[in-house]
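Reminder, nothing fancy here: chain letters follow the sequence lines and each chain counts from 1.
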Amino acid sequence: MRWSHYYIPTLREAPRDAEVPSHRLLVKAGFIRKVASGIYDGLPLGLRTIRKVENIIREEMNRAGAVEVSMPLTIPADLWKETGRWDAYGKELLRFKDRSDRWFCLGPTHEEVVVDLVRKDVRSYRDLPLIIYQIGPKFRDEIRPRFGLMRAREFSMKDAYSFDVDEKGLEDSYRRMFDAYVRIFKRCGLEFQPVEAETGAIGGHFSHEFMVIAETGEDLIMYCQKCGYAANRERAERRRENASVHEEQRPLEKVHTPGKRTVEEVSAFLKVDKNRLLKTLIYKVDSGSLVMAVTAGLREINENKLTRFLGAERVELATAEEIENLTGAPVGFAGPVNMEGKVRIVCDYSVAEVVNGVTGANEEDHHFVNVNPGRDFAVKELADIAFAVSGDRCPRCENGVLMEKRGIEVGHTFKLGTKYSEPMECCFLDEEGNSRPMIMGCYGIGVGRTMAAAVEQNHDKDGIIWPVPLAPFEAVVILLNPTYPAQREVAEKVYSSLSGEGVDVIIDDRNERPGVKFKDSDLIGFPFHVIVGRKASEGMVEVKVRRTGERQDIPFQECTLRLKSMIENEKTVRE
RNA sequence: CGGGGCGUAGCGCAGUGGUAGCGCACCCGCCUUGGGAGCGGGUGGUCGGCCGUUCGAAUCGGCUCGCCCCGACCA
């Protein structure tokens with residue numbers, strides 16, 4: 001490719017609305033342009049990188065035995081009504097009518113469509129297992145699109161769906177997809193980590209997220225260095241601490257705490273450590289009965305964990321009125337003492353560590369001090385219902401300690417079971433001739449988000465540093481001064497030799513000053529730069545490695561061989 | 001949806017009531033060619049939109065649209 005004939009509109013200054021590095025750099029370097037909030041044009045460089053991500057995904061999906069199809073972005077409402085998601089999905093689903101007044105939506109995900117496809121044509125256990133995938137646009141009318149491609153409304157996604165005869169088959173398909181994901185992100189040259197995750201609204205009972213590790217990630221990952229356990233903070237479990245506080249229990253006492261409601265206020269007022277407080281939250285379970293959830297002052301209740309522990313569908317904080325009815329005191333003065341028999345009380349592990357603690361007295365402007373769990377209230381249900389934090393004990397190994405880091409979710413794998421196949425009657429006949437719903441899994445990868453994540457993870461003050469497998473061009477030949485025949489000749493030779501050997505190369509043949517060319521190539525982040533300058537007359541060119549800044553003068557004839565081996569080396573997947 | 005901020009030339013910005021400006025980019029010429037050069041000359045804006053106040057509005061008031069950030073929310 002010749003730069004002078006190409007379309008790479010780089011900007012000297014990035015638009016003010018771009019804040020995170022990936023957004024700023026992708027716009028500045030001429031990869032994307034915004035059309036509307038969360039909706040982008042892909043410019044030639046951006047498209048090339050997107051295609052590289054897609055091709056890696058495609059190759060690995062095919063290798064794993066998945067088959068590619070294409071499904072429509074526009075989906076008739078009828079299909080979504082079959083699973084109930086037409087009403088359940090919320091405003092993220094963009095709904096509209098066609099000219100004859102029929103309802104449609106833009107697909108945010110394609111379970112309904114793929115199930116409809118499969119149920120029409122697949123009848124026998126002999127046709128299973130089957131894994132179908134596509135790579136294409138999705139639309140989600142996000143509440144708040146942000147960070148450029150990281151959370152866009154229209155975006156490209158690879159979504160795969162597996163169909164099996166039983167759980168065991170699903171295990172196998174899931175494993176195949178999981179392994180394919182590991183290969184995909186390795187091949188992309190990204191530092192990533194699969195973590196255990198919540199299943200969320202798509203349903204199912206088991207899930208992994210693939211996180212690209214980056215400071216700017218929206219997700220928090222808890223992990224154990226010792227055994228490798230890793231989970232989204234939403235999901236991360238922890239092990240109960242060994243009791244360590246040895247302090248004599250003092251007699252229970254009620255004290256006046258006028259207007260002191262929060263952990264902050266009470267601990268400051270009574271001059272006690274925040275973790276001595278027993279924070280008490282009242283939840284409504286499945287819109288019915290109330291539950292009291294107690295945790296140490298500095299802990300936060302994890303509603304996912306609470307929900308799972310209770311075996312409930314959902315929990316929500318009780319209203320002020322409900323709290324007052326239950327405890328007889330306004331919000332801020334609830335506590336587990338004297339509540340036995342009146343409400344179900346669930347204590348977090350951290351409660352067991354508290355000695356001579358403080359709780360609300362279920363009476364306006366009063367707290368109890370010297371509260372001792374077990375003595376002053378029964379601890380019947382002690383569970384892990386709080387968020388794990390750095391320093392907590394690993395749930396999977398004896399002496400491991402949890403640490404945290406940030407990540408960007410680029411892939412997600414789910415086991416769905418029969419959540420969609422049953423209501424949509426996607427069934428097969430088994431060996432005995434019985435009709436059974438297929439067991440499904442679904443597996444997504446955000447293509448644009450993977451590109452953005454790669455930038456988040458690979459940039460410096462000068463611009464992007466593409467991992468070789470994702471670079472729009474693997475190398476750039478920078479012809480410093482096109483008016484010098486010697487330079488031009490060497491540059492052209494190097495360029496055609498590289499393209500002849502299958503290297504993705506672009507030649508910067510613009511009539512620009514050297515400074516502009518250097519800045520642009522650094523900004524765009526081509527992994528290897530071949531600089532053809534003043535030593536061209538002696539047959540020498542300079543090879544620069546973008547990531548390290550390392551430069552070396554070599555005879556131009558050696559250039560192709562040298563670059564090819566460096567590129568191959570970078571593209572090799574290290575197991 | 002709650003809170004905050006911003007809409008003036010392609011990008012970044014200045015301009016608090018009196019005829020719309022700067023830097024970069026862009027076009028022409030000269031000059032220059034190893035890190036976004038220099039000089040000279042140019043093109044380009046219904047100041048997001050509508051309504052109002054005023055002799056006069058980018059500027060004041062109301063409404064509206066768009067965009068960004070924080071939160072809530074989210075396969």
- Given the rule in the ring-ring contact (aromatic ring centres under 6.0 Å, His included) test, do A:F210 and A:F178 qualify, once you have shown the distances and angles that lead to the verdict? CA-CA 9 Å; A:F210 283 74; A:F178 187 97; 5.2 Å; yes
- Message: Base, sugar-phosphate or nothing for A:E13? Non-hydrogen atoms, less than 4.0 Å.
- Response: base
- Does one side chain, of A:Y443 or A:R176, offer a donor that lies under 3.5 Å from an acceptor on the other? no
- Distance-only donor-acceptor test, A:D520 side-chain atoms vs B:G36 base atoms, 3.5 Å: yes
- Any donor-acceptor N or O pair under 3.5 Å, side chains A:Y420, A:D116: no
- Query: Roughly, in whole Å, what's the span from NZ in A:K544 to P in B:G35?
  - Reply: 12 Å
- Under a 3.5 Å limit for both distances, which nucleotide forms a Watson-Crick or G-U wobble pair with B:G35, could you say? none
- Task: In whole angstrom, give me the gap between the P atoms of B:G56 and B:C24.
- Result: 39 Å
- Name the pairing partner of B:C1, where a pair is Watson-Crick or G-U wobble with both distances under 3.5 Å, or state none. B:G71
- Query: Counting side-chain heavy atoms from C-beta on, which of B:U33, B:C70, B:G34 comes nearest to A:R551?
  - Reply: B:G34
- Touch check for A:Y443, heavy atoms < 4.0 angstrom, all strands: base, sugar-phosphate only, or nothing? nothing
- Query: Watson-Crick or G-U wobble partner for B:G66, using a 3.5 Å limit on both distances?
  - Reply: B:C6
- Query: Expressed in whole Å, how much space separates the C1' atoms belonging to B:C73 and B:G2?
  - Reply: 12 Å
- Item | Counterpart base for B:G52, defined by Watson-Crick or G-U wobble contacts under 3.5 Å | B:C60
- Note on the structure: Across every strand shown, the nucleotide meeting Watson-Crick or G-U wobble geometry with B:G23 (both distances under 3.5 Å) is B:C11
- Selection from B:G36, B:U33, B:C6 that lies nearest to any side-chain heavy atom of A:R16: B:C6
- How far, in whole Å, is B:C65 from B:C50 if one measures between their P atoms? 15 Å
- Span that lies between the P atom of B:C26 and that of B:G18, in whole angstrom: 35 Å
- Task: Would you please classify the geometry between the A:Y174 ring and the A:H208 ring as parallel, tilted or perpendicular, with 30° and 60° separating the classes?
- Result: tilted
- Message: So A:A14, base contact, sugar-phosphate only, or nothing? Heavy-atom distance under 4.0 Å.
- Response: sugar-phosphate
- Note on the structure: With the side chain defined as heavy atoms from C-beta on, A:E19 is closest, among B:G36, B:G34, B:C68, to B:C68
- Task: Give A:R146 one of three labels, base, sugar-phosphate or nothing, depending on what nucleic acid heavy atoms sit under 4.0 Å from its own.
- Result: base
- Item | Per A:R144 side chain, nearest of listed nucleotides B:A72, B:G34, B:U33 | B:A72
- Ring geometry between A:F192 and A:F185 (parallel below 30°, tilted from 30 to 60°, perpendicular above 60°): tilted
- A:L11 CG to B:G12 C1': how many Å, rounded? 10 Å
- Message: Could you tell me the Watson-Crick or G-U partner of B:U46, where both distances fall under 3.5 Å? Say none if there is no partner.
- Response: none
- Assign A:K34 to base, sugar-phosphate, or nothing according to its heavy-atom contacts below 4.0 angstrom with the strands shown. sugar-phosphate
- Task: From the options B:A37, B:U33, B:C69, select the nucleotide whose nearest atom is closest to the side chain of A:V516.
- Result: B:A37
- Taking the inter-plane angle between the rings of A:F31 and A:W466 on a 0 to 90° scale, is it parallel (under 30°), tilted (30 to 60°) or perpendicular (over 60°)? tilted
- Message: Taking donor-acceptor contacts at under 3.5 Å, does the side chain of A:R151 reach the base of B:C74?
- Response: yes
- Task: Please tell me which of the listed nucleotides, B:A72, B:U33, B:G34, lies nearest to the side chain of A:R513?
- Result: B:U33
- Query: What distance, rounded to whole Å, do you find between the two C1' atoms, one in B:U8 and one in B:G3?
  - Reply: 27 Å
- Query: Does A:S37 make a side-chain N or O approach to OP1 or OP2 of B:C68 shorter than 4.0 Å?
  - Reply: yes
- Query: Which value, in whole Å, describes the distance between the C1' atoms of nucleotides B:G12 and B:C30?
  - Reply: 29 Å
- Nucleotide nearest A:P514 (side chain, heavy atoms from C-beta), chosen from B:G34, B:A25, B:C6: B:G34
- Task: For A:G148 and for A:D462, find the nucleotide of RNA chain B with the closest heavy atom, then tell me which residue's nucleotide is more 5'.
- Result: A:D462
- How far, in whole Å, is B:G49 from B:A20 if one measures between their P atoms? 15 Å
- Item | Base B:G34 to side chain A:E542, donor-acceptor N/O within 3.5 Å cut-off | yes
- Item | Side chain of A:I531 (C-beta onward), nearest among B:C70, B:G34, B:G36 | B:G34
- Task: Report which part of the nucleic acid A:K91 touches: base, sugar-phosphate, or nothing (heavy-atom distance under 4.0 Å, all strands).
- Result: nothing
- Query: Going by atom types alone, do A:E234 and A:N304 pair a side-chain donor with an acceptor below 3.5 Å?
  - Reply: yes
- Rounded to whole angstrom, note down the P distance from B:U19 over to B:A58. 10 Å
- Query: Given that A:I143 and A:K158 both sit by RNA chain B, which one's nearest nucleotide is further toward the 5' end?
  - Reply: A:I143
